[in-house]
Amino acid sequence: MKVAVVGATGMVGRVMIKLLMERNFPVTELIPVASEKSVGSEIEFQGLPVKVVSMEDAAARKPHIALFSAGGGTSTEWAPKFAEVGCTVIDNSSAWRMSPDHKLIVPEINANELTKTDKIIANPNCSTIQMVMALAPLHKEFWLKRIVVSTYQSITGTGKKAVEQMQNEREGKTGEMVYPYKIDQNCLPHCDVFMDNDYTKEEMKLVKETQKILGDNEIGVTATAVRVPVMGGHSESVNVTFHKEFLLSDVRKILKETPGVVLQDNPTMNIYPMPLHAHNKDEVFVGRLRIDNTMPNTLNMWIVADNLRKGAATNAIQIAEYLVEKELVGVS
């Protein structure tokens, strides 16, 4: 099983490589891929040094699976070239997510949609993944009508340079500014670029991706995405209205029994999800469950997950694991 990791030296790429080892994914040959300036450098995999190669060299080796995390432009250009040589691409960028010809997969929810013919599979946005992980089982039972979500997103979602910016600010150093303003001791209501409708691209991802994953374009979704000076993961305040009535006890029971979701909901003991505790974990943590008495059939909840793991790398590798388990990807 030859596995390429495209963007191997980036934050998500490094976590992908770490998780391939942690989860004992059946890799016989790792092919780390990065930009030209990193070609020839080495990364460690299973205790051995492995040389970083170029996109051309990686495609020529005909990997069975390629985990892409190198941005939309790279994915748009190179994912089809990898697919042409028989490789199955799992792409972490936004390039293919809303394409009607490509599937947008959270394994716990819709992996059963995958077939052998799916050669480019889209990994959803980090903030979408954690939200739908909590909402999908509730949607099945109570039928989602409307979602109002405000996100509190880690700087790690922007990448290494954002982490460096915050560290520089904390140490009083000058350096490259990734954000238009200081991020330390600040909150920026500005994730990704602003669009013509004055929402950011990140906010619209939450709208469109949620509808696609849950298979229901009638679900109303409105979002405000905020960048906060946090390293460990993304948090979300979610207000959700259902078509059907529900009991809070039933919601708790459903979430408690949902694979990949951990219920942390005991306010009398100060137990609730926080990025501090979600950091380096693969689960999605849910708590602060409350009935919204201002609207019928409406629930408030707080959802937290490590955006580099379940929000990106873990979800991609879970897709790869499903493909192997169901024999949807071949070994030549």
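What you are looking at is a predicted structure, and each value in this text was computed from that prediction instead of being measured. These numbers come from the heavy atoms of this one structure, side chains and all, not from hydrogens, waters or symmetry mates.
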### Query
Does NZ belonging to Lys103 count more than 12 external heavy atoms closer than 6.0 Å?
yes
### Message
Are the side chains of Val52 and Ile43 in contact, using a 4.5 Å heavy-atom criterion?
### Response
yes
### Query
Is there a donor in the side chain of Asp292 and an acceptor in the side chain of Asn239, or the other way round, less than 3.5 Å apart?
yes
### Beyond-backbone contact of Leu214 with Ile219, side-chain heavy atoms, under 4.5 angstrom
yes
### Query
In Å and rounded to the nearest 0.5 Å, what is the CG to NZ distance from Asp265 to Lys256?
10.0 Å
### Query
Among side-chain atoms of Gln167 and Glu171, is any donor-acceptor pair under 3.5 angstrom?
no
### Query
Do the side-chain N and O atoms of Thr298 and Thr241 include a donor-acceptor pair separated by under 3.5 angstrom?
yes
### Query
With the threshold set at 4.0 Å, does a side-chain nitrogen-carboxylate oxygen contact exist between Asp192 and Lys205?
yes
### Query
Do Tyr152 and Ser237 have a side chain donor and acceptor closer than 3.5 Å?
no
### Task
For the residue pair Thr156 and Asn307, confirm or rule out a side-chain donor-acceptor distance under 3.5 Å.
yes
### Query
His102 and Lys212: which non-hydrogen atoms are nearest, and at how many Å?
O-NZ, 2.8 Å
### Summary
Hits for side-chain hydrogen bond (donor to acceptor under 3.5 Å, both in side chains) against Glu257, two or more places apart or cross-chain, chain-then-number order -> Lys253
### Query
Any Lys/Arg nitrogen of Lys310 or Glu108 sitting under 4.0 Å from an Asp/Glu carboxylate oxygen of the other?
yes
### Task
Kindly compute the distance separating OH (Tyr179) from CG (Asp184), expressed to the nearest 0.5 Å.
12.0 Å
### Approximate separation, where rounding is to 0.5 Å, of Leu104 CG and Thr128 OG1
7.5 Å
### Message
Using the ring centroid of each side chain, check whether Phe82 and Phe68 are separated by less than 6.0 Å.
### Response
yes
### Message
Just by distance, no angles: are the side chains of Glu202 and Thr200 close enough, under 3.5 Å, to form a donor-acceptor pair?
### Response
no
